[in-house]
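Please read all numbers here as calculations on a predicted model, not as lab measurements.
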Amino acid sequence: MPLETKLTKLLGIRVPVVQGGMQWVGLPPLAAAVSNAGGLGVLTALTQPNPEALRKAIRETRKLTKDPFGVNITLLPSINPPDYEGYARVAVEEGVKVFETAGNNPGPLIKFFKSKGCIVIHKCTTIRHAKSAERLGVDCLSIDGFECAGHPGEEDIGGVVLLARAAQELKVPYIASGGFADGRGLASALALGACGVNMGTRFLCTVESPIHQNIKDTIVAATERDTTHIFRTLHNTARVFKNKVAEQVVALERRPGGAKFEDVRELVAGQRGRLVYETGDKDYGIWSAGIAMGLINDVPTCEALLRRIEKEAEDVIEGLQVLRVVKAKL
């Protein structure tokens with residue numbers, strides 16, 4: 001029996017699972033495969049070199065799926081910021097109706113998307129930021145716990161408490177992000193008040209994920225202990241795969257006097273991370289991975305993965321019914 005939540009009804013999808021917006025990974029083949037499997041596939045705007053390239057990616061995705069898909073736009077601190085407005089405008093022109101936003105000062109983007117009748121899911125790592133986004137008019141929030149890949153914020157609050165706090169404080173629906181990779185996780189998120197989950201690392205390790213097989217095999221062989229945090233001392237914490245480069249960065253940060261970004265710039269260059277996915281050399285650069293790696297034991301198709309997650313979640317939810325003891329009437 002399918003799960004129906006506020007997320008499935010809002011987006012018109014079958015399974016309450018959103019594919020996280022991942023740099024270099026959120027490309028048409030993966031986004032379309034997730035959407036075809038019943039979830040919400042997501043293109044990552046900044047993976048494309050410019051807005052017109054995003055336009056082509058949207059059109060390519062539309063050829064591969066008739067189901068809803070979204071576009072992620074992450075606002076990053078930068079000396080020379082990308083053309084965020086251009087990416088947003090092109091996506092709206094191409095008929096995209098669902099957007100995932102993340103990062104600082106999302107107000108102008110949210111206002112633009114809402115003026116065009118779009119659905120906005122905004123990712124937050126704290127309840128105060130979530131409430132701020134709620135005031136800006138977002139339709140749904142993605143609550144990102146400390147378990148997540150990428151940037152978990154600076155407050156180190158795990159998903160269990162963060163999601164329970166969201167249930168207490170938020171008025172709009174929210175999904176759970178960070179540490180989710182199976183049906184048991186989906187069921188637990190629903191129990192904590194979420195209406196679905198966002199998964200990044202799990203989708204990184206699927207047949208349709210556009211990364212080298214060596215990296216997928218590395219994820220399967222890894223455990224929940226194989227990540228580390230970089231940029232802790234720079235107050236821009238990021239959870240990444242624990243490889244030689246990440247350990248070099250951590251060592252530089254821990255030396256007397258610490259490190260400035262200039263000291264690690266070459267080690268953490270985005271192009272080096274991109275080449276990890278292209279060449280399969282897990283130690284060549286920095287690449288994001290969450291502790292959900294400990295739950296990943298295979299490389300399924302997106303269709304098989306979501307069918308399995310759906311069935312597992314249903315079984316867990318049904319199994320919990322036996323815990324209720326009905327007292328006999330005297």
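- Taking CG from Leu163 and CD1 from Ile157, the interatomic distance works out to 12.0 Å, rounded to the nearest 0.5 Å.
- For the residue pair Asn36 / Thr65, a side-chain donor-acceptor distance below 3.5 Å is found, with atom types taken as modelled.
- Not one N or O on the side chain of Glu147 forms a donor-acceptor pair closer than 3.5 Å with the backbone of Gly179.
- Heavy atoms of other residues, nucleotides or ligands lying less than 6.0 angstrom from CZ of Arg308 number more than 12.
- Residues Glu310 and Arg14 have side chains in contact (heavy-atom distance under 4.5 Å, counting atoms from C-beta outward).
- Side-chain contacts under 4.5 Å among hydrophobic residues (ILVMFWY), followed directly or transitively, place Leu10 together with Leu7, Leu11, Ile13, Val18, Leu40, Val42, Val98, Ile119, Ile121, Ile175.
- Looking only at side-chain heavy atoms (C-beta outward), Arg202 and Ser209 stay at 4.5 Å or farther from each other.
- Taking a cutoff of 4.0 Å between a charged side-chain nitrogen and a carboxylate oxygen, Arg239 and Asp226 do not qualify as a salt bridge.
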Go through the steps for Gln23 and Thr44 under the test side-chain hydrogen bond (donor to acceptor under 3.5 Å, both in side chains), then give the verdict. CA-CA 6 Å; Gln23 183 71 334; Thr44 307; 5.5 Å; no
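- Leu162 places a side-chain heavy atom less than 4.5 Å from the side chain of Ile127.
- Distance check, rounded to the nearest 0.5 Å: CG of Leu305 to CG of Asp298 gives 7.5 Å.
- For the pair Glu253 (side chain) and Arg232 (backbone), a donor-acceptor distance under 3.5 Å is present.
- A donor-acceptor pair under 3.5 Å is absent between the side-chain atoms of Tyr174 and the main chain of Cys140, judged by distance alone.
- In this structure the side chain of Lys131 never reaches within 4.5 angstrom of the side chain of Arg128, judged on heavy atoms.
- Under a 3.5 Å cut-off, the side chain of Thr8 and the backbone N or O of Thr5 do form a donor-acceptor pair.
- Taken to the nearest 0.5 Å, the CZ atom of Arg265 stands 10.0 Å off from the CG atom of Asp263.
- Distance check: Thr47 OG1 to Asn72 CG gives 8.5 Å after rounding to the nearest 0.5 Å.
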List the steps, then state whether side chain to side chain contact (heavy atoms under 4.5 Å, CB included) holds for Glu247 with Thr228. CA-CA 8 Å; Glu247 289 177 338; Thr228 191; 5.7 Å; no
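- A salt bridge is defined here as a Lys NZ or Arg NE, NH1 or NH2 lying under 4.0 Å from an Asp or Glu carboxylate O, and Lys63 with Glu60 fails to meet this definition.
- The closest side-chain heavy-atom distance from Ser177 to Ser142 is below 4.5 Å.
- Within a 6.0 Å sphere centred on CD of Gln321, other residues, nucleotides and ligands contribute more than 12 heavy atoms.
- By the 4.5 Å heavy-atom criterion applied to side chains, Arg272 and Trp287 are not counted as neighbours.
- Counted within 6.0 Å of NZ on Lys242, heavy atoms from surrounding residues, nucleotides or ligands total more than 12; the atom is thus considered enclosed.
- Ser35 places a side-chain N or O within 3.5 Å of a backbone atom of Gly41 that can act as its donor or acceptor partner.
- Residues near Val90 contribute nothing to a hydrophobic cluster around it, because no ILVMFWY side-chain heavy atom sits closer than 4.5 Å to its side chain.
- Looking at residues two or more places apart in sequence or on another chain, you find a salt bridge (Lys or Arg N to Asp or Glu O under 4.0 Å) between Arg59 and Glu94.
- From Ile219, atom CD1 reaches atom CG of Leu204 across 4.0 Å, with rounding to the nearest 0.5 Å.
- Side-chain atoms of His122 do not come within 3.5 Å of backbone N or O of Leu141 as any donor-acceptor pair.
- Judged by distance alone, the side chain of Asp144 and the main-chain N or O of Lys123 form no donor-acceptor pair under 3.5 Å.
- Side-chain contact between Val276 and Asn243 is absent, with no heavy-atom pair separated by less than 4.5 Å.
- In this view, Glu85 satisfies the salt bridge (Lys or Arg N to Asp or Glu O under 4.0 Å) rule with no residue, not counting sequence neighbours.
- Contacts classified as side chain to side chain donor-acceptor pair (under 3.5 Å) and involving residues 111-121 (residues at least two apart or in different chains) are given here: Lys114-Asp139.
- Grouping Ile, Leu, Val, Met, Phe, Trp and Tyr residues whose side-chain heavy atoms lie under 4.5 Å apart, directly or via other members, places Val245 in a hydrophobic cluster with Ile230, Phe231, Leu234, Val240, Val249, Val250, Leu252, Phe261, Val264, Leu267, Val268, Ile286.
- Under the 30°/60° scheme for interplanar angles, the aromatic rings of Phe99 and Phe113 are found to lie parallel.
- Around CZ of Arg255, the count of heavy atoms belonging to other residues, nucleotides or ligands within 6.0 Å exceeds 12.
- Ion pairing between a basic and an acidic side chain is recognised when a charged N comes within 4.0 Å of a carboxylate O; Arg55 and Glu52 show such pairing.
- His151 has its side chain out of reach of Thr125: every pair of non-hydrogen atoms, C-beta onward, lies at least 4.5 Å apart.
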